[in-house]
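Just so you know, these numbers use all the heavy atoms, side chains as well, and skip hydrogens, waters and symmetry mates. All values reported here derive from a predicted model rather than from experimental measurement. A, B, ... follow the sequence lines: proteins, then strands. Residue 1 opens every chain.
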Amino acid sequence: MDPVPDGETARRLLAEAREGARRAQRALAPYYGAWLLIWGAVYAIGYTLVAWDSPLADPAFAGLSLLGFLSSYALGARAGRFFRTPAGQSLALLWGGFGITAAALVLASPRLSDEVFSLAINELVALALWQSGALVACRGLRLAAGAFALLNAGLFAYFPALYAPALALLGLALFLLGLRQVSRGL
Amino acid sequence: MAFDELIHQPTRLRIMAFLARLGPDAEVEFGRLQKSLGLTEGNLSRHLSKLEAAGYVRLKKGYRGRRPRTWVRLTGKGRDAFYAHLEVLEAIVRGEEADAAGRDQGGEQGLRPRPSPG
């Protein structure tokens, strides 16, 4: 190959570099996508049951959340078999801390109404998502976390009747987004 | 800016781009890198050896359970060289586009009627 390329070759090589970066993104996408799938399903099913006032809502939500938490950790461990990043290790610590705080909130839950418990846990989720966005330098995740914090508080305070249906819809949107990400990575 | 003949090779450029996209200090397992880039084991090994000899990547051997694993990481030197090389490629493309624009302008001037002598 000629050492200094002409414009056409340089364009082709830049496309080659973009392809390499795209493949890295695609290799990671199924893990992010699966995480969105899991939590999208938890929110969609859990808040649909709450919106319907189902007696199953509380136990189902608790069970699904625990399952979601365990599968998220299993997913992180699987990703760790192939990729090791400083951000990945910090994320594991951050979400471990979230798990402890959420468990503490569950301990206090007998003295809290379902609505206040839901508000508090979702604000914790928003904070953890914002910090995750800061760790992986993803502005989109930080913006989404900020929007979620405001949406959660705004619905709780001003549109309580819409709180559960809106969060169920949000869960469905996350689930579909996750499905798209996972299928892209396949 | 520095043109780098080692990174210039398309497969090595793709490897460097993959590693750079993972972020600073990130490591990828050899088998996963091979699968993601669609390379054979021997081909990837050869390219990584050259990049390692130049100090652009670091290979770390270890075990996960009983299975031997090799982890690949882009070094700071490799990252700098990769981005510098991309800048050169982008400058070449920009330069050619600017030349083409200049030629287009020249062409238009050439179409203008010439002032009649005297």
If you round to the nearest 0.5 Å, how far is CG of L13(B) from CD of E19(A)?
11.5 Å
Nearest 0.5 angstrom please: L22(B) CG to Q25(A) CD, how far?
9.5 Å
Is there a side-chain contact between R81(A) and E29(B) in this structure, where contact means two heavy atoms from C-beta onward sitting under 4.5 Å apart?
no
Quick one: does L86(B)'s side chain get under 4.5 Å of L14(A)'s, heavy atoms only?
yes
Measure from NZ or CZ of R32(B) to the centre of the six-membered ring of F82(A) and say whether it is under 6.0 Å with the direction within 45° of the ring axis.
yes
Connected via hydrophobic side-chain network under 4.5 Å: F117(A) and V42(A)
yes
Which is it for L13(A) and H8(B) under the side-chain contact (heavy atoms from CB on, under 4.5 Å) test, yes or no, and what are the steps along the way?
CA-CA 8 Å; L13(A) 288 166; H8(B) 190 48; 2.9 Å; yes
Any heavy-atom pair between the side chains of I92(B) and D6(A) that's under 4.5 Å?
no
Within one Ile-Leu-Val-Met-Phe-Trp-Tyr cluster: Y47(A) and F159(A), side-chain cutoff 4.5 Å:
yes
I'd like to know whether CZ of R79(B) has more than 12 heavy-atom contacts from other residues, nucleotides or ligands below 6.0 angstrom.
yes
Are I45(A) and F61(A) co-members of a hydrophobic cluster defined by side-chain heavy atoms under 4.5 Å apart?
yes
Closest non-hydrogen atom pair, F18(B) against A27(A):
CZ-CB, 4.2 Å
Per-residue contact mode, R18(A) against chain B (heavy atom under 4.5 angstrom):
neither
Would you say the side chain of R84(A) lies within less than 4.5 Å of the side chain of K60(B), judging by non-hydrogen atoms?
yes
Linked, directly or transitively: V93(B) and Y83(B) (ILVMFWY side chains, under 4.5 Å):
yes
Can you give me the closest heavy-atom contact between A17(B) and A17(A), atom names plus distance?
CB-O, 3.1 Å
Do the side chains of R23(A) and L37(B) get nearer than 4.5 Å, heavy atoms only?
yes
Out of curiosity, does L59(B) fall in the hydrophobic cluster containing F82(B) (side-chain heavy atoms, cut-off under 4.5 Å, transitive links)?
yes
Minimum-distance pair of heavy atoms, taken over all atoms of R14(B) and G20(A)
CG-CA, 3.5 Å
Testing the basics here: between P24(B) and P86(A), what is the closest heavy-atom pair and its distance to 0.1 Å?
O-CD, 3.9 Å
